[in-house]
Amino acid sequence: MVNFSLEGKIALVTGASYGIGFGIASAYAEAGATICFNDITQEKVDLGLAAYKEAGIEAHGYVCDVTDEAQVKAMVAKINEEVGIIDILVNNAGIIMRKPMLEMEADEFRKVIDVDLNAPFIVSKAVIPGMKEKGHGKIINICSMMSELGRETVSAYAAAKGGLKMLTKNICSEYGEYNIQCNGIGPGYIATPQTAPLREIQADGSRHPFDQFIISKTPAARWGTPEDLQGPAVFLASDASDFVNGHILYVDGGILAYIGKQP
């Protein structure tokens, strides 16, 4: 029988106080995993802990800036001591800055790269020794359709997510022999509170222009939901995916396969 159970596994999902990370962590808890997560302030960690408690999940929250290697090492050491050695890592924490390239300062570009690319490198580096010791491990990087496509105003984000796709392949290449699988999930456009303003019905009853654009480009003719990512995330964290390595699974309703309707 195919084993999708995460019973007895310890999962660290970065930036999982809410949104996509929270949805993935909740699915892991339902599949039997113990959940650890971080956020950048105690206030955000407390909000996350409250949300998990409301969902009936006993989670372990840590304050940590995932771009700071010393903080990450300290957090992983604390998890190892308090909870156990991490079996599953989801590099979910990320930011986006929408600004035309010519208007973006180099420091702004570096900040996006730091959170979206350097941090997954730092956190992966911190957990891989424990995974090697245990003889298995799953690393799942939250990539993006921008790992494949460019779009106006997201030069830094696309550069970071393209780099994260290749980091995924390289972790696979270096550590596959230790029974560590590193794969990515590339979400399409997901309906979250952050994207809600882009889906508001306009005063004349029409869809928001961006909403119209996304629906027209998506064969599924809808936005995705955090729940749409849960099954793929559980699969990539479970024993069912033990021979899947270095792969990016795009959960996008078919956008990347579709050229769009003729005007």
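Taking the charged nitrogens against the carboxylate oxygens, Lys165 and Glu148 do have a contact shorter than 4.0 Å, which makes a salt bridge.
Using modelled atom types, no side-chain atom of Thr153 and backbone atom of Arg98 make a donor-acceptor pair closer than 3.5 Å. Side chain of Glu105 to main chain of Glu103: no donor-acceptor pair is present (N/O by atom type, distance under 3.5 Å, no hydrogens or angles).
Side-chain polar atoms of Arg199 and Thr195 form a donor-acceptor pair below 3.5 angstrom. At a cut-off of 3.5 Å, with distance as the only test, a side-chain donor of Asp228 or Thr225 sits close to an acceptor on the other residue. In the model, Asn179 has a side-chain atom that pairs as donor or acceptor with a side-chain atom of Gln181 under 3.5 Å.
Remark: Lys9 pairs with Asp239 by the salt bridge (charged side-chain N to carboxylate O under 4.0 Å, His left out) rule, at least two apart or across chains. Annotation: side chain to side chain contact (heavy atoms under 4.5 Å, CB included) contacts of Asp107 (sequence neighbours excluded): Arg110. With sequence neighbours left out, Phe4 forms a side chain to side chain contact (heavy atoms under 4.5 Å, CB included) with Val2, Phe235, Ser238, Ala240.
Between Val112 and Met97, the shortest heavy-atom distance links the atoms CG2-CB, 3.9 Å. In this structure, Ala126 and Val72 approach most closely via the heavy-atom pair CB-CG1, 3.8 Å. Considering every non-hydrogen atom in both Ile24 and Ala233, the closest pair reads CG2-CB, 3.8 Å. The two residues Ala191 and Pro226 come nearest to each other via the heavy atoms O-CD, 3.5 Å. Taking all atoms of both residues into account, the shortest heavy-atom contact from Val154 to Ile96 is CG1-CD1, 3.9 Å.
In this structure, the side chains of Cys182 and Thr168 come closer than 4.5 Å at one or more pairs of heavy atoms. Taking 4.5 Å as the limit, some side-chain heavy atom of Lys161 sits within range of a side-chain heavy atom of Leu164. Put simply, the side chain of Leu47 does not reach to within 4.5 Å of the side chain of Tyr18, judged on heavy atoms. Counting only heavy atoms from C-beta outward, the side chains of Thr14 and Leu89 approach each other to under 4.5 Å.
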Given the rule in the side chain to side chain contact (heavy atoms under 4.5 Å, CB included) test, do Ile185 and Cys143 qualify, once you have shown the distances and angles that lead to the verdict?
CA-CA 6 Å; Ile185 292 177; Cys143 296; over 6 Å; no
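Aromatic ring pairs are classed by plane angle as parallel below 30°, tilted from 30° to 60° and perpendicular above 60°; the pair Tyr52 and Phe37 is tilted.
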